[in-house]
Amino acid sequence: HGAGGTHMSWWRQLPTFSREFRCVTYSQRGFGLSPDVGGGPGRAAFADDLRLLLDGLGIERAALVGQSMGGRSVLGFAAAYPERVEALVLSGTTGGYRDADLDATRAAAPDLGPRSAFAPAYAERDPEGAFLYRMVSRTNRHFTATVPDAVEPGMPVPDIGRVVDAGIPTLFLVGERDTVAPPAVTKALQAKMTGSELVTFQTSGHSPYWEVPDEFNRAVLKFLRG
């Protein structure tokens with residue numbers, strides 16, 4: 001899940017995905033009911049937290065889906081433990097990866113408007129959904145807004161070469177009206193990861209899993225079935 005979410009964020013995916021797959025969602029360290037320890041590693045521990053979770057559940061390999069901030073967890077895990085990743089889905093995120101090319105692309109990206117979890121028209125189109133998102137977000141008592149693609153102290157930049165070399169099937173999902181993670185930057189990373197796939201959502205902003213769930217679910221299921 002992203003920085004505005006918890007394990008509950010996937011409420012429109014789980015009923016669909018669980019018809020074909022065993023599904024696990026969790027609130028990351030410092031979000032929902034998952035506290036961090038005082039002075040702890042924070043988000044730098046995300047990838048190893050995921051490893052410990054899978055170990056505890058007896059899951060050796062899994063397909064991983066990460067939205068926004070959650071991309072740091074799943075891409076970081078895939079780079080560190082590629083043998084344990086069946087497939088990788090990155091939505092609205094570069095997973096904490098950056099280099100000079102992506103920095104230049106980010107600097108040149110057009111300004112699509114104020115930062116928002118959604119495209120400008122979403123709240124008007126689905127006021128109930130926008131309200132529910134705010135309520136889920138408010139369960140994050142220790143939430144601190146950050147730039148989703150920023151590299152934070154102690155958080156290594158994932159080695160995408162290990163993901164590519166391992167042949168992990170990778171899907172990027174991009175909302176064309178994303179004002180948080182510039183679509184051009186995500187597309188630039190996708191182009192660097194040879195063999196990866198890209199699906200775009202024309203009417204969606206930063207959160208296609210929430211804004212256009214039917215389209216999002218179809219894209220992910222088609223990828224995983226393949």
Side-chain angles (χ1 to χ4, degrees), residues 1-5 9 28 31 43 46-47 64-79 88-126 129-130 133-134 137 143-153 155-161 163-164 170-213 215-216 219-220 223:
H1 64 79
S9 299
Q28 300 187 92
F31 292 81
R43 302 180 193 190
F46 275 1
L64 305 176
V65 181
Q67 160 68 24
S68 189
M69 180 191 73
R72 299 173 176 183
S73 304
V74 299
L75 182 58
F77 181 91
L88 183 63
V89 179
L90 297 165
S91 174
T93 184
T94 58
Y97 177 80
R98 70 182 303 171
D99 59 22
D101 292 337
L102 262 63
D103 285 347
T105 301
R106 184 177 288 106
D111 184 359
L112 299 178
R115 288 168 57 87
S116 171
F118 303 125
Y122 172 71
E124 184 176 322
R125 173 170 60 84
D126 183 11
Y133 184 90
R134 292 195 298 273
S137 294
F143 170 72
T144 301
T146 60
V147 179
D149 288 332
V151 178
E152 298 178 10
M155 180 171 283
V157 175
D159 183 352
I160 60 173
V163 178
V164 173
T170 301
L171 172 67
F172 285 87
L173 301 171
V174 176
E176 292 288 6
R177 303 189 182 195
D178 192 334
T179 60
V180 177
V185 180
T186 304
K187 292 175 183 179
L189 175 58
Q190 186 267 327
K192 287 176 177 284
M193 296 184 66
T194 305
S196 64
E197 301 178 32
L198 172 72
V199 173
T200 62
F201 304 98
Q202 296 299 316
T203 63
S204 179
H206 185 56
S207 306
Y209 75 102
W210 194 287
E211 297 175 70
V212 287
E215 294 178 50
F216 180 95
V220 173
F223 173 71

*Do Leu75 and Thr170 have side chains that get closer than 4.5 Å, going by heavy atoms?*
no
*State whether the side chain of His1 and the backbone N or O of Gln28 hold a donor-acceptor pair below 3.5 Å, judged by distance alone.*
yes
*Write down the atom of Arg72, the atom of Gly96, and the distance for their closest heavy-atom approach.*
CG-N, 4.0 Å
*Looking only at heavy atoms, which two atoms of Thr186 and Thr93 are closest? And how far apart?*
CG2-O, 3.7 Å
*Is any side-chain heavy atom of Glu215 closer than 4.5 Å to a side-chain heavy atom of Pro208?*
no
_When you compare the side chain of Pro183 with that of Leu112, does any pair of heavy atoms fall below 4.5 Å?_
yes
*About how many Å separate CZ of Phe201 and CG of Asp178, when rounded to the nearest 0.5 Å?*
12.0 Å
*Return the minimal non-hydrogen interatomic distance between Leu173 and Ala219, and the atom names on each side.*
CD2-CB, 4.2 Å
_Are the side chains of Val74 and Leu90 in contact, using a 4.5 Å heavy-atom criterion?_
yes
*Spacing of Met193 atom CE and Leu189 atom CG [to the nearest 0.5 Å]*: 6.0 Å
*Do Glu211 and Thr203 come close enough that some side-chain heavy atom pair is under 4.5 Å?*
no
*Thr179 side chain to Pro114 main-chain N or O, any donor-acceptor pair under 3.5 Å?*
yes
*Looking at side-chain heavy atoms only, is the closest gap between Met69 and Phe31 below 4.5 Å?*
yes
*asked:* Using modelled atom types and a 3.5 Å cut-off, is there a donor and acceptor pairing between side-chain atoms of Glu176 and backbone atoms of Thr200?
replied: no
*Determine the minimum heavy-atom distance between Tyr133 and Tyr209, stating which atoms define it.*
CE1-OH, 3.7 Å
*Please examine the side chains of Lys192 and Leu102, heavy atoms only from C-beta on, and report whether any two atoms are closer than 4.5 Å.*
yes
*Is the closest side-chain donor-acceptor distance between Gln67 and Ser9 under 3.5 Å?*
no
*asked:* Would the distance check show the side chain of Ser207 and the main-chain N or O of Phe118 forming a donor-acceptor pair, the cut-off being under 3.5 Å?
replied: no
*Quick one: closest heavy-atom pair of Trp210 and Gly129, and the distance?*
NE1-O, 3.1 Å
*asked:* Checking the side chain of Thr105 only, and the main-chain atoms of Val185 only, is there a donor and an acceptor separated by less than 3.5 Å?
replied: no
*Determine the minimum heavy-atom distance between Val174 and Lys187, stating which atoms define it.*
CG1-CE, 4.3 Å
